[in-house]
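Notes for the one structure printed next.
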Amino acid sequence: MNDKYQMILCIVNSGFSETVMKAAKEAGARGGTVIHARGTANKEAEQFFHITIQPDKEIVMILVTDGIKDAVLHALYQSAGLKTEGQGIAFSLPVDEVVGLTVSEPVKGKKDDNSEQVADKAKQAASKSADASEQ
């Protein structure tokens with residue numbers, strides 16, 4: 001796998017993980033994991049950000065390729081950012097290694113059904129083209 005990955009973490013008020021995942025999927029993410037959490041912010045933080053901080057949180061972890069990271073972060077900001085009811089923050093961290101993902105391209109030495117069908121169609125098209133040029 002040549003893709004580089006990023007882990008996007010989005011921390012939102014409890015009950016807004018569905019909003020986060022909907023926005024992320026619309027931006028190209030495939031799925032995520034939700035962790036229930038409890039915030040520890042104090043009154044000074046509430047005054048600094050000019051928001052009331054709800055202690056019950058959900059952390060949504062989303063693994064994405066570098067190519068869609070910015071689009072996903074922007075979608076999360078629009079749908080669940082600090083100025084929404086979700087009052088979310090999102091950030092990304094680089095990921096060094098990934099195992100256990102289902103890849104869309106064939107694994108070395110193994111063809112998937114679709115690649116064989118495409119190859120067969122290409123052979124048929126080439127054969128028809130050769131037959132037509134002989135006539």
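Please read these numbers as outputs of a predicted model, since none were measured by experiment.
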Closest non-hydrogen atom pair between I68 and A29, with its separation: CD1-N, 3.8 Å
For V64 against K69, the heavy-atom pair lying closest together: CG2-CA, 3.9 Å
Rounded to the nearest 0.5 Å, what separation is found between the [atom1] atom of [X] and the [atom2] atom of [Y]?
| X | Y | atom1 | atom2 | result |
| --- | --- | --- | --- | --- |
| K57 | F16 | NZ | CZ | 10.0 Å |
| C10 | L73 | SG | CG | 8.5 Å |
| S92 | L63 | OG | CG | 11.5 Å |
| E58 | N13 | CD | CG | 9.0 Å |
| S14 | H36 | OG | NE2 | 7.0 Å |

Full working for side chain to side chain contact (heavy atoms under 4.5 Å, CB included) between S79 and V20: CA-CA 7 Å; S79 67; V20 169; 5.8 Å; no
Do [X] and [Y] touch side chain to side chain, with heavy atoms closer than 4.5 Å?
| X | Y | result |
| --- | --- | --- |
| I89 | L82 | yes |
| I62 | M21 | yes |
| L76 | I8 | yes |
| Q87 | V12 | no |

Please check if V95 and I35 belong to a single hydrophobic cluster, counting links between Ile, Leu, Val, Met, Phe, Trp and Tyr side chain heavy atoms closer than 4.5 Å. yes
Determine whether L93 and V98 fall in the same hydrophobic cluster, where Ile, Leu, Val, Met, Phe, Trp and Tyr are linked whenever their side-chain heavy atoms lie under 4.5 Å apart. yes
Hydrogens and angles aside, do D66 and Q6 bring a side-chain donor and acceptor to less than 3.5 Å of each other? yes
Decide yes or no on side chain to side chain contact (heavy atoms under 4.5 Å, CB included) for R38 and D56, but give the supporting numbers first. CA-CA 5 Å; R38 187 160 188 77; D56 290 328; 2.7 Å; yes
Check step by step if side chain to side chain contact (heavy atoms under 4.5 Å, CB included) holds for V60 and L9. CA-CA 6 Å; V60 183; L9 295 155; over 6 Å; no
Could you check M61 against M7 for side chain to side chain contact (heavy atoms under 4.5 Å, CB included), going step by step and ending with a plain yes or no? CA-CA 7 Å; M61 301 185 313; M7 171 65 69; 3.7 Å; yes
Over 12 non-hydrogen atoms of neighbours within 6.0 angstrom of CD in Q78: yes
